[in-house]
Amino acid sequence: MNRSRVIILATVLALIGIAIPLSATVYLSWVRANQVEEDRLMFFAQRALERAHISFRDASLTLKQLDHASFAPCSPEHIRQMRVATITTRSVDDIGYFEDGYLKCTSTGMMVDKIALAPEQYTSQDGIRFSLTMSPVISDGRRLIGLAYNAHKALLDPVRFADIILDDDMQLAVGLSDGSLLGSVHDPDQAFIKSLVASPHAQRDDEVLHALAREGDLIAVTIEPDFRLFKQLRQELLILLPLGILMAIFTVSLVIWFSRRRLSPLGELKIAVEHKEFVLHYQPIVSLKTGACIGAEALVRWQRPDGSMTRPDLFIPLAEESGLIMQITDQVLDILVRELKPFLNANRDAHIAVNLSAQDIKSGRILPVLQQKLYGTGIDNHQIWLEATERGFMDVQAARSTIDIARTRGHAVAIDDFGTGYSSLSYLQGLPMDALKIDKSFVDTIGTDAATASVTTHIINIAKTLNLKIVAEGVETQAQADYLSARDVEYGQGWLFAKAMPANDFVAFYHKSRRQLDSDVPAS
């Protein structure tokens with residue numbers, strides 16, 4: 001995952017981090033708004049159903065009581081009882097008695113006109129028969145509901161079945177379980193109401209909200225326009241939207257934090273390690289006496305996906321500080337074996353120097369790793385030199401153990417950048433080294449009046465006293481090379497001879513220097 005992919009991914013995640021909380025907020029607000037409105041509609045539907053049941057129950061009880069009375073039909077006592085029942089039963093407007101299919105008497109007295117029993121469309125579970133479209137003379141043509149039990153029949157105003165106060169934009173209908181309409185409020189569409197009442201399941205409509213309540217033979221439905229839902233939705237959004245915005249901000253903040261970590265130098269270095277973005281360049285080491293190449297130092301480079309190179313001094317300190325250096329060292333060994341295995345097998349006198357970190361020297365963990373990576377390659381241990389700066393030897397006891405094992409296995413060990421670290425002489429005296437590398441900063445002072453110019457000679461003398469091979473780094477002029485050679489410094493590396501180069505170029509350079517050496521040798 002390179003930088004551009006991290007940016008793209010972060011942008012996508014940020015958009016998702018905004019979209020999901022806000023979408024969830026809108027969805028939850030919608031669900032809550034629906035629930036609030038459904039609960040509200042159901043409240044009125046159940047309340048209407050309760051009132052309708054009271055009217056139905058009172059009328060049914062009155063009819064049954066009259067039916068079980070012992071007085072003679074249409075006697076003065078019977079008529080008086082019907083009159084009392086009509087007056088005392090709030091839901092009943094009138095009560096009559098039928099005989100042979102005709103109305104014989106009512107609560108007002110004996111009938112003169114011959115009035116036939118009205119058709120009945122529905123019978124309840126307890127035997128109450130309903131006439132739904134009655135328009136008796138006493139109602140002046142108004143529609144009344146007839147409830148009959150045996151010979152008695154009560155007239156009820158449809159309002160008694162929908163006796164509830166609603167908001168102006170709400171509608172109510174109360175009916176029977178077969179879809180017949182008993183009463184309504186605010187004139188709902190009867191066809192739509194009938195379809196709802198007759199359906200065993202609640203239906204939905206794009207323009208209205210409704211709720212259904214059922215109990216026994218009765219059913220109630222309440223309706224309101226959908227704008228009430230959107231009004232409630234706005235109220236819910238006012239409550240939940242701030243929470244959604246906070247969640248979005250939190251999510252985006254996490255994405256930014258994650259992205260910054262991935263895009264930080266350490267984050268990018270971790271990506272480089274994961275994706276093995278490192279390559280090796282090899283800087284030749286030459287004999288100052290003959291000019292022949294005797295090996296090279298493997299220098300790691302960070303090659304980014306766009307092909308650009310990052311210098312070691314820009315990432316090695318961060319790698320050491322973060323602990324990633326050990327993984328980088330392992331990758332360096334893998335690359336070295338892959339690129340130079342044929343070369344090293346064919347040129348046993350050549351060696352490659354590998355830089356180790358302070359952690360590798362202190363822990364010694366590099367030795368089994370190196371042994372495992374060289375196993376079966378044909379590369380001899382003496383062909384791999386191990387180098388470390390003075391900082392790697394600060395823990396003298398641990399360093400000595402690592403060096404002893406490495407030298408026992410045949411690896412040469414060199415101290416790199418000598419003179420730039422801590423207590424250099426004490427390290428050299430206390431550790432079994434094979435070689436010393438003079439830092440470029442000292443080589444640069446050769447032939448100058450710098451205060452440190454004499455240090456180079458002093459370092460050479462120390463190395464000679466300790467029988468160490470010497471490699472001078474950063475040799476850029478022939479004068480520097482001559483100065484070092486005159487003081488028996490064996491090897492040099494620097495731009496005077498060659499810059500660090502890819503493996504194929506190094507192999508070509510090595511063979512060229514060898515052929516040139518052979519051509520310079522006088523024939524016997």
Side-chain angles (χ1 to χ4, degrees), residues 282-283 285 287 294-300 320 325-326 329-330 332-334 336-337 340-341 343-345 347-439 459-473 488-493:
Y282 301 89
Q283 185 164 39
I285 301 174
S287 168
I294 56 95
E297 179 182 0
L299 301 175
V300 65
E320 291 179 336
I325 189 64
M326 290 185 284
T329 301
D330 292 351
V332 165
L333 295 175
D334 289 331
L336 189 156
V337 170
L340 295 185
K341 172 184 172 181
F343 167 77
L344 292 173
N345 283 332
N347 299 274
R348 293 298 177 182
D349 291 336
H351 78 270
I352 303 297
V354 178
N355 291 287
L356 302 182
S357 68
Q359 294 97 315
D360 285 319
I361 294 295
K362 182 177 180 180
S363 66
R365 67 109 220 169
I366 191 61
L367 297 180
V369 171
L370 180 59
Q371 187 177 28
Q372 184 270 328
K373 293 185 183 298
L374 294 182
Y375 180 77
T377 65
I379 300 173
D380 291 336
N381 287 349
H382 78 269
Q383 293 181 283
I384 304 298
W385 285 24
L386 306 179
E387 296 183 3
T389 62
E390 296 170 46
R391 193 160 59 88
F393 303 117
M394 290 184 66
D395 188 335
V396 177
Q397 185 174 355
R400 182 184 292 111
S401 174
T402 300
I403 293 172
D404 284 340
I405 296 174
R407 298 182 76 218
T408 299
R409 293 179 180 178
H411 301 289
V413 179
I415 182 168
D416 196 10
D417 300 335
F418 181 77
T420 62
Y422 314 91
S423 305
S424 304
L425 185 57
S426 65
Y427 285 135
L428 291 178
Q429 292 175 333
L431 296 172
M433 296 289 181
D434 296 288
L436 177 151
K437 299 187 76 172
I438 304 174
D439 186 68
I459 293 174
I460 294 172
N461 292 334
I462 293 174
K464 292 298 181 181
T465 301
L466 297 174
N467 295 318
L468 299 178
K469 287 181 171 44
I470 305 172
V471 181
E473 297 180 304
D488 295 325
V489 174
E490 292 92 342
Y491 309 115
Q493 64 182 104

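We count residues from 1, following the sequence as given.
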Whether the side chain of [X] engages the backbone of [Y] through a donor-acceptor N/O pair (distance < 3.5 Å, no angle test) should be reported.
X	Y	value
Lys437	Glu387	no
Thr402	Ala398	yes
Glu490	Ile470	yes
Gln359	Glu320	yes

Are the side chains of [Y] and [X] in contact, using a 4.5 Å heavy-atom criterion?
X	Y	answer
Leu370	Asn381	no
Asp434	Trp385	no
Val396	Leu431	yes
Asn345	Ile379	yes

Least distance between heavy atoms, [X] atom then [Y] atom:
X	Y	value
Pro432	Ile403	O-CG2, 3.2 Å
Thr377	Lys341	O-CE, 3.3 Å
Leu374	His411	CD1-CE1, 4.0 Å
Met433	Ala414	SD-C, 4.4 Å
Ser357	Met326	OG-CG, 4.3 Å
Gln383	Asn347	NE2-O, 3.0 Å

Checking Thr389 now: which residues fulfil side-chain contact (heavy atoms from CB on, under 4.5 Å) with it, not counting sequence neighbours?
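Partners of Thr389 by the side-chain contact (heavy atoms from CB on, under 4.5 Å) criterion, ordered by chain and then number, come out as Arg391, Asp416, Asp417.
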
Spacing of [X] atom [atom1] and [Y] atom [atom2] [to the nearest 0.5 Å]:
X	Y	atom1	atom2	result
Ile285	Glu473	CD1	CD	8.5 Å
Ile415	Asp439	CD1	CG	11.5 Å
Ile438	Gln493	CD1	CD	11.5 Å

inquiry  = Between Glu297 and Asn355, do the side chains contain a donor N or O and an acceptor N or O under 3.5 Å apart?
reply    =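 Present: a donor and an acceptor within the cut-off.
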
Show me the pairs that pass salt bridge (Lys or Arg N to Asp or Glu O under 4.0 Å) and involve residues 365-379, at least two apart or across chains.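 Those involving residues 365-379 are Asp330-Arg365, Asp334-Lys373, Asp360-Arg365.
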
Test side-chain contact (heavy atoms from CB on, under 4.5 Å) applied to Leu466 and Leu436, step by step: CA-CA 10 Å; Leu466 297 174; Leu436 177 151; over 6 Å; no

